[in-house]
Structure formats: structure tokens, C-alpha cells
Amino acid sequence: MGLRLLFLAAVAIAAPASAVLPSEPVPNVAKIPVPWAAHWIVIHDFAFGSLIDSKFSLVDADSRTFLGMVSAGQFATVNLASTRREIYVGETYHSRGSRGERTDLVTVYDMENLAIVAEIEIPPRRANIVVNKSNTALLDDETRLIVLNFNPATSVSVIDTVGHKFIDEIAIPGCAMVYAAGKRRFFTLCGDGSLLSIELDEGGAAAARTRSEPFIDIDADPLSEKAARIGGTWYFISYAGAVQPIDVEPTPKPTQRWWLANPDERAAAWRPAGWHWTAAHPDGRLFVSMAPNGYQGSHKDPAAEVWVFDAQKQSRLLRIPLATAGLSIEVTSDSAPRLLVANVEGKVDVYDATKGELLHTIAEVGETPYMIHRTN
Amino acid sequence: MGLRLLFLAAVAIAAPASAVLPSEPVPNVAKIPVPWAAHWIVIHDFAFGSLIDSKFSLVDADSRTFLGMVSAGQFATVNLASTRREIYVGETYHSRGSRGERTDLVTVYDMENLAIVAEIEIPPRRANIVVNKSNTALLDDETRLIVLNFNPATSVSVIDTVGHKFIDEIAIPGCAMVYAAGKRRFFTLCGDGSLLSIELDEGGAAAARTRSEPFIDIDADPLSEKAARIGGTWYFISYAGAVQPIDVEPTPKPTQRWWLANPDERAAAWRPAGWHWTAAHPDGRLFVSMAPNGYQGSHKDPAAEVWVFDAQKQSRLLRIPLATAGLSIEVTSDSAPRLLVANVEGKVDVYDATKGELLHTIAEVGETPYMIHRTN
Amino acid sequence: MRWLDRIVERSLRDVARRSSRRSFLSLVGASIVGGATLPLLPVARASTAAPATGERAVPAQSTGNPGDPGDPTQCDYWRYCGIDGFLCSCCGGTQNACPPGTEMSPLTWVGTCENPADGLRYIISYNDCCGKSSCGRCLCNRNEEDKPVYRPHANNDINWCMGTQSHVYNCSTAVILGTAN
Amino acid sequence: MRWLDRIVERSLRDVARRSSRRSFLSLVGASIVGGATLPLLPVARASTAAPATGERAVPAQSTGNPGDPGDPTQCDYWRYCGIDGFLCSCCGGTQNACPPGTEMSPLTWVGTCENPADGLRYIISYNDCCGKSSCGRCLCNRNEEDKPVYRPHANNDINWCMGTQSHVYNCSTAVILGTAN
């Protein structure tokens, strides 16, 4: 029995006069205009103080309007399709909060309602790693999602994002993190400093594996797994600030390295810094967050600046001093791009990515908003 | 395969010399000394920013040492047995965090390990109400726990705390909140201003119901449901500051009211204030948190002072100005009692309950620690 | 659902974040938010989001109707006289719509609030939105006419996510049902 | 599990708490914790818990062994050179014991840290404690010798609650396995 009827019966309701506000319909649930605008971003709240209750918030980086949110389980991931109005959230639940049966899911949301379209059960060993974009990879035609597993043996789950079903699990022993490299190809980095490239057959099983020579000196100067991609090239950055491009065609392979900082800057120990320290614009601009006075172990310290490069010319275009020290960065992909910086105050600063000016700050977007995803 | 063995194999381990620190055993899990000390308290973190992940923390109010915690679901409750080393947590889960199948539980923890002894499933309609001590009642011999249900029809679930099982559900139409009033008796307050007393038979079913005359003018000056008990008497406080004792024997009934504040103070609108605004010492002292300048709707504003009364003599013993405005209060039951105040900064202030002096402050006890429970 | 805190409270999780290394603090020191005690009014609070620009933490909204005055992202908006919870206007919904993907509870608590534009008292239904976890934005608690839980339809401590698929609370709306005589 | 924030971060939930009514703010204004930006060192932070007494937010601990110096509730305790997470010493456990009712993960990440008392480097196993949700106290992150996730045994971003009944993370310990040559 709804109490509301009871309440209404107990209170006389006047007939609305002309100036009187009308009664309003219930239920009433907002929708989101589609397609999403170029400057709408998804902010990932890791929720470290309540890890089992994380969230993704959709915010307009221009107006700072909060458009909606998706709740997620612990150590969640998100991938946004551009060819289909869907979002794929990787998440882990226990049936009784912090205990009980574990369920791992890729949960599919539509962009107009942020409502669940499908819950795809996957093997209950998806990697539970602090927010990291390379925990998952949406392959280039967006019909396959690769989800890293870690227990601590490593494998990947292959998901059919069109059919909304789990296809297969592929072992990647000794390797971890996944990077899209084609319609049916991804690669992963390995503990010996090599990369492993995997081609899927049409069904989703591994059709071919190609292992590179070791090219990362993990002990001396490892490449961070927090990379960014421009067209056919992934850009990885080493702790010391070397850029390692990896071309994905015809088979992923490392090409010539170059340095972010000049010798003087390297002497001042300007190094990449922050959590997710790379972002890339499709026009060829590579963004890397940096800090001076680096030391052994400084690689997760917050960043003081964002440096902007022409990745092709390997030349720096701009230094953007951050108004507030930064943790993670992202850039929108349009022609008037915004640089988003998740800052150390738990807010997101919005900069003009071309001029480097701070435009405004988005606040109240979760307890520990550690990562930003563009949506276009 | 455990990676650890691998790690150990990869690193030479020196034999410990005399001054060298020895290797330490794993696994290693701490225990809690029992019985719990008089000044150990349980702090309830409502976790309003992540309601599905609340917690109860055990803290020594003398040393401020954090002794352990229990995670709980949304809108949780806690009852602590004094005759058995057990804790009863009422909680609500959904199988997938914010969605999925609802499960309601009374989860039993032992005091030495804060480990689960039993999970008692109860009807999935336990009251989801902001932290409130009268959502549950542990009856006087501690063999029966009463859990309020609200959907929005009201009932109670009766739990056998010895056999760790759900016994029965009893409807209490039009009434809500539960108060222990004997070994097999509790009462509840009703929407018409009366109280309903229910006697259980040995099995747990309702053997007798006694309804009082209406004695609460809910429209003019309701009694807060946040009451405290001394011996055979419950003390309820009205929004305006009248004390309404309810004697539980032979059948719960209201007795003569008295005022907390004198006429001058009432003219200055000194009224009870805060969230859980009452606490009681078994020696007869009643503690009420108060604020001046009350107005219609001020009853949940933070409190500026705690007033201490001899409940029998209906006389004030002490006014304790709070160093930081208070939300909820509690007092330990020993002969050197501590007054605990959950304050507006999200910390817990510890006062000498007799002298009124602030001793120290307990910090980092959750996001929104709204309630304190003594443990003895 | 309402909340007891009429005033700003401190999340202890802030305190939980520490560092042992000082090397970076010199860099970020000026922008770290601290645990010091400060007087703070809502107006001041709103301006702390971006000291550089003085902007409010949450952008202002308007109903667009002069007959429905005020800012629905602010706790002092007239309809919120009995609300307790996160304002859906800050969460992707509006003052009378739930955020996308949530479900509006069919069961509610009801209050009456005076509209300053026409001086009339309106019956307001505080429908909770359910199925996603705490929105966490724009917490607002006002207790005008709030009664104890044993008069539930006039109480704001109750999670009204009932009769919905999920009973998890996200935020609260304030829907006009009509005028009260 | 480690965390990226070497410095103090602000919980946005603080900002979410507001009030439209001013009547009570005059009373509590002086004790409300604000959102203003302040320089803040760990030492200063520790003293903010109770300005009246100047006490630290979390009481100090000692191993009682001069050969194992420092305070295990502090991030600069020598064993924590590679830790990332809530310190179990602040959560009901110790530097090498999980809190009551949690389960210690049998799988760990391992680092080496120098003990200032004897100048030796020790092999430290950072065993996570599992089965209760985030402790939330004494977050500490130090990244000495931290490597990327593709060298997992040297990485501290991973939730090592594996091989345990529940895979929910509560806090982290730092257990001595031996000395390193």
C-alpha cells in the first residue's frame, strides 16, 4: 500500500489557478541528449575509502554540469564506444559487500539513459588493479573488448560487444596490460621487457602470437604502462622521460626513442609524473604531465606541468604550468580541445589544451577521482 | 601458484645474525583482548557518501587506539551483548552493489576476532533508516533481538540470538521503533501518539499486546525516538525539551513529565539538539545534548552543550559546553565514565562525564561517524 | 531520506591521506586542502572550488520560471524545506526528475513549503531516486515540520527507495503535487 | 596495493555537505572544517585532530625494539619504503599483523628496505589484509623500486587480496622475510 495516497487524502489540494504552479508528473527520469558533446567527459572515482562502491560520472567540461553517473564495483574499468551508444564497465562484486560470492562483469550501459543494457558475466579473475586504462582494450572496430585477468597468473577475457557475450579466455603468461592494435589485434607487455602481440580469429580465439625481442630495461628505466595512442602509434613514456613509440601495423613493434626533456631539463630531473601521465590528440599532439626534481620512486608524484609535443616532429609545442598539481590527464579529441587534469585536491581542472589557460574547475565528482576519459 | 615462492627464490636471504631482525610469521592476524574494557566504544560510520559500505569501528576511548572494524551493508544497526561475547549487526545488501537481489541479515560477530559467527537471514524488509538505536532492541536477557521492518508497512523480526536463527515476524501496524522492556517484552511508538507493548511467548511469537492511551501530541511537540534507558525507565525527550519517562514494569507506561530547562532557559529556546541526543548512566545520570535559539525544525541541528541530570531528582547536575558542536552522544557505564560526542567535524570527542572536561579527540573513524555505542 | 547534518562536516578520509616524503610537498603545498578549522558559510564554501576564478563548486541552475524562483542546486531553494539528501539537480536530474538510469520511488514523504513568488504553500513530494549508489553532491537537510519516524509520512530519516527494483539511494527530488489549503 | 597520492587529497564529499540555514552556523562556525586551500605538512596535519590538545590524529606506536625503530603508524617507518595502502597498524593490526577478522593474503608484493638501526636491507613482504572494506586510516604510498604492472611482483598497484576467501582490500602490512644480500 502506497502511503502517498493516504497523504493526499489527508491534505486538501487546491485547484491550480493561473499563476499557480501546476502539479508535476511522477515518475520522471531524465535522459541524456545523444550524441554526447565533444567536451563531455567521464570521471572515474576510484573511491579508495570504500573500494567496493566506485563510480563513473558524466560531466560537461564546458558548463561543469553533472549529467549522470554509473555505480560500479571494485577496481572498475570503463570503455566508451564511438560507433555505438554504449559504455562497457568492468567490475567485481561480492554478493554481501565485502564478502560472499565473487561475480565479475562487463556491464553494458546505453548513453541516453545510463541504464543497464546487459550484464556479461566473465571469469571471476579480472585484474583488480588501481585505475588503469590498460586493464582493458576496446579493439579498433569496437566489436571486441579485451579484459585483463590476474590471479596472479595472467590471461585475457575476450568479450563480444555486439552480441553482449563472453567469448573466450586467452592465457598471456608472464605478460600484463592490454593495448588495442587493430580490429582483431592487441598487444601486451611482458616481464622480460618484450611485447606479445595477439591476433584473434573471427570467433575470438587467439589465431597468432608474435613475441618481440626485449626492448624495455625494466630494472634501469621501465616504460610506464600508462600510454596514449595517436592513429597507428602508441606512445609509452619511461620513468626517466624517454618516449617509446610502438607502431601497431603490420605487427606491433617499437620504433626509435626520443626524449621529452632537453639535456638541461634532464639535469634538473624533469620527469614524467602523476598517475595516468599521457594523453593524445588525434591531430598528433602528445601531452605528458611532468615534474622537476625527480628521484628513484618519484614516478607517481603529482605533476607540476603538462608538456605538449608534436609527436611526429618530436618537438615541444607548449609547457602548461598547472594551477593545482595534477594526477591524471586527458584531452578531448575535437578541434578546440580541452585538457582535463584530475588534481591533487580531488577536483578536475579544465584547460584550453592549445593555449594552456585554466578555464575552470569541476568539483564534487567523487571521493578520489583518479582518472578521466574523453567520450568522443 | 604463489608468486611469493618465486620471489624468495630470486633473492638471496641471509641467515639472521644476533642483531638482525628475525623473519616474521605469516599469516598473522591480531586478536582483541576480552572482555572489552569499560572505555572501549563502537563508532558507527553511516558512510552517507557510499551508503552500501558502512562500518563499525572499535576504539579505545582512553588511548584512542583503533582496535578493529566490522564492515556492514546499508542502513546498518548494531547491538552488543554483555552476557555473551557477541555483536549483532543488522544489514542490507544487494548482490551487485547498488543493484541485484536484496538480502537482509543479522550477522553475528565474536568479540575476540570480530569474525563472523553466523549470518542470519531475515525478511528483506528491515527498516532502512538513518542510524537510529531504536531500529533494533536486544531484550533484557539478550536471547532475543527485535529488528524493525518497514516497507512501509511495519513489523518486527524476532531473532533467537542464542540459536542464531530467525524466529518470527510480528506485525505492528501504524507503529515504529522498538524499545526493550523486559526479557520477553518490547514496546513501540504509534502514529496516534500511543505506545504498543508486546509480550513474546517462549517461542518468540506475540503472546499479548497492550496499547496505551495516546500520550504524545505529535503535531504540537513530538517525543524524539532517540531515547535512553536507566534501569526500568526509558527517558524520551520532546522537541521542546520535556522529559517523558516510560516505566517498563509491569507494562510500559508513561509517567510524569518534567522539563530539562528552566523558564528562563526555555525563553532563550534552549532545546534538545543533535542526532542521538540522549545518553544514560546506570547510576541515574541522564545526558541530553542541547542548543539555544531553537526554532521549528531545529531539532536536528548540532548541539552546543550537554546537560547532565539526576533523572530521579529531575535536577541538573552539570552543563558541559562542547569544544566542538555535537551530533550524537553516549556515556560509558563504569564508575569513571566518559562522555563521547560525535562532533560536526566527523570526529569523536572524549570528555570526563563527571567533570565535563575534554580529554582528547578520536579522528579517522570513518566518513560520517554519526553514532556511538558503549560496549559495556 | 534526510540527513542530520545541517552544517558542513568533515570527511575523515581526508585525514587518511598522508605522505612521508616531503620532496613534493613544496610543490603542491599551496594547493593542498587542509584539516584546519575555519569558519565557513555556505557562500564562502561555494567559492572554494576554484579560487582562481571564484566560481561556485556546482554551477547555478534556474527553473526558468519566475513563478518558481531560486536555484535548485542550492539548499535554500523553496521546495527543499523538508528535504534530506543529495539534490538530484546536482546529480544529473532536476528538482523534479531523477538522474538518468535511476528509478523514482513511488513511495515518498510529503511536506508543505511556501513559494516566495506567490506566497502559496505547496504540497511537495520528496521522491527518492534509486538504483545507483550515493550521488554525493549537494547534500541538503532541512527539517521544517519533520516528525519522528513513528509518523513516517512526515519523517525524513527513512530511505524511501521502496517499491523500486533496487533499494539503494542515489538522490532526492522535490515534486509539486499541488497547493495546500 | 599502493596509491598514487603521495600527498594529501581532498575528499569531495566534504564539499557535498551544505546548509541553507544560517541560524546554527554562528554556533558551529568556529569548528567547521573548511574547503580553503592551505599549505599543509604531515606534521601540521597530525596536529589538526584536536587543536585544543595538539595531539596527533592517530596515537603513536612503537615496536618496542630499538633495532626496529620508528612509528609503525607513520608513513616514514622504514619498512614502508614500498607500501601503498592503509597501514594496518592504524586499523587494529600491527606492522606485521592483519586486523582482527581479516584474512592475510598468501600472495604479496615484495620490496627491500633499509633498516636505519642496523643499516641492513631487509626483504619486506607487503601482505594485504582482506575481507573487510577499506580501513580508511593512515593511507601511505611510497614507490621506491616500484615497477610497472607487467612486472607484478615489484608493482604496488595490484590488489593482492587473492587466494583469500574475499578479494576485498582492508589494509596492508609490511612483514620481514629476511635480509637481502
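The chains referred to below are lettered A, B, ... by the order of the sequence lines, with proteins before strands, and numbering in each begins at 1. Note: hydrogens, waters and symmetry copies are ignored here, and every other heavy atom, side chains too, is used.
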Exercise. Is there side-chain contact between L120(D) and V20(B), with heavy atoms separated by less than 4.5 Å?
Worked result: yes

Exercise. Hey, are the side chains of L21(B) and N65(D) touching, using non-hydrogen atoms and a 4.5 Å cut-off?
Worked result: yes

Problem set entry | Contact leader toward chain B among C135(D), C129(D), G93(D), where contacts are heavy-atom pairs under 4.5 Å | C135(D)

Seminar exercise, completed: Residue from C91(D), G163(D), G67(D), G131(D) scoring the most non-hydrogen pairs under 4.5 Å with chain B is C91(D)

Seminar exercise, completed: Residues passing the side-chain contact (heavy atoms from CB on, under 4.5 Å) test with S166(D), sequence neighbours excluded, are H94(A), V168(D)

Problem set entry | Y351(B): partners by ring pair (Phe, Tyr, Trp, His ring centres under 6.0 Å), with sequence neighbours left out | none

Seminar exercise, completed: Between the CD1 atom in I116(B) and the NZ atom in K132(D), the distance rounded to the nearest 0.5 Å is 7.0 Å

Problem set entry | Distance, nearest 0.5 Å, that separates OG1 of T94(D) from CD of E24(B) | 8.0 Å

Exercise. For the candidates P25(B), S57(B), A30(B), G68(B), which exhibits the highest count of non-hydrogen atom pairs separated by less than 4.5 Å from chain D?
Worked result: A30(B)

What pair of heavy atoms forms the shortest contact from [X] to [Y], and how long is it?
X       : Y       : value
V29(B)  : M104(D) : CG2-N, 4.4 Å
G178(D) : S23(B)  : N-CB, 4.3 Å
R137(D) : A363(B) : NH2-O, 2.7 Å
K55(B)  : S134(D) : NZ-O, 3.7 Å
S71(B)  : S133(D) : OG-N, 2.7 Å

Problem set entry | Portion of V70(B) that has a non-hydrogen atom of chain D nearer than 4.5 angstrom | both

